[in-house]
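One structure below.
Below, all heavy atoms of this structure are taken into account, side chains as well, without hydrogens, waters or symmetry copies.
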Amino acid sequence: MLETLGIGASLREERVRRGLTLDAVETDTRIRGRYLEAIEDERWDELPAEAYAKGFLRTYASYLELDPQQFLAAFRRARREVEEPIAPLPQPPYEASGRRVVALGAGLAVLAVVLAVGAWRLTGGEPAAATGPTTVVGAPPASAAEASSTGGTQRARPAPGAPLVLAARADTWLDVRLHGPRGRRVWSGTLKQGRRLRLGVGRELWLRAGRPDALRARLGTRRVRVPASSTFTATQAGLRAA
């Protein structure tokens, strides 16, 4: 059950099977109801500290006559996965430096000059015949009229939708799914203070945040407001409370 349902769902299912309410468990275990609910939803950042989370988890599992060691082992595995989250879109860990982009452009320009000189020498000093349109790094793309005049038939690909970038002002737990709370999970973990998460919003996303007030959001170059609700959806139109 633990392998298929996960930590929180396994505890909830066993509690319901025994006909117990959260209030009854709170009375018997002396664990606050909001902490029990956070454990069942696996909102670990809402617990006072990781040591408390382990203690509460051990007590709760033992109270339901489940093996606490199995739940603690699953909790440690989940925390290791959270510490090394994988973003849903390929991206460097931090934004590229402007200096690096300039240096790359300069290096490519030098390489182009070297190749041109080599071609000039091989042809005995005569300029090499052009074999097609030349693309300059950093230059704007040719217009449709220019493409037709050179006989080009390749059509420009439509630009993808603007990505949603979430920046954390403080550590906050985050769960991202497609379409709704039961949709396929895209990303789950703790977004650390100062880190960013880049998400594609070609399809509607459903998000649950432990601390929505700790998030700042941009949709492409446009800053968008993060709803105060702990659950909200994201589309190309923006963010709205779920």
Under 3.5 Å: donor-acceptor pair, side chain of [X], backbone of [Y]:
X	Y	result
T21	A24	yes
T190	K192	no
Q236	G202	no
D175	S188	no

>> Would you say CZ of R240 has more than 12 non-hydrogen atoms from neighbouring residues, nucleotides or ligands within 6.0 angstrom?
In response: no

Spacing of [X] atom [atom1] and [Y] atom [atom2] [to the nearest 0.5 Å]:
X	Y	atom1	atom2	result
L178	L205	CG	CG	6.0 Å
F71	L57	CZ	CG	7.0 Å
L199	W187	CG	CH2	8.5 Å
E46	W173	CD	CH2	8.5 Å

How close do [X] and [Y] get, counting heavy atoms only, and between which atoms?
X	Y	answer
L164	A234	CD2-CB, 3.8 Å
A61	L11	CA-CD2, 4.1 Å
F232	A241	CB-CA, 4.0 Å
E42	G8	OE2-N, 3.0 Å

> Looking at R17 and E13, does any basic side-chain N land under 4.0 Å from a carboxylate oxygen?
Replying inline: no

[X]-[Y] co-clustered via ILVMFWY side chain contacts under 4.5 Å:
X	Y	answer
W206	L174	no
L72	I7	yes
L239	V176	yes

>> Which residues pass the side chain to side chain donor-acceptor pair (under 3.5 Å) test with D28, not counting sequence neighbours?
In response: Y63

Show every donor-acceptor pair shorter than 3.5 Å between a side-chain atom in residues 32-40 and any protein atom, with sequence neighbours excluded, or say none if there are none.
residue : atom : partner : partner atom : Å
E40     : OE1  : R12     : NE           : 3.4
E40     : OE1  : R15     : NH2          : 3.1
E40     : OE2  : R15     : NE           : 2.7
E40     : OE2  : R15     : NH2          : 3.4
E40     : OE2  : Y60     : OH           : 2.7

In residues 207-226, what donor-acceptor pairs under 3.5 Å come from side-chain atoms, sequence neighbours left out?
residue : atom : partner : partner atom : Å
R211    : NH2  : D213    : OD2          : 3.4
R218    : NH1  : T221    : O            : 3.2

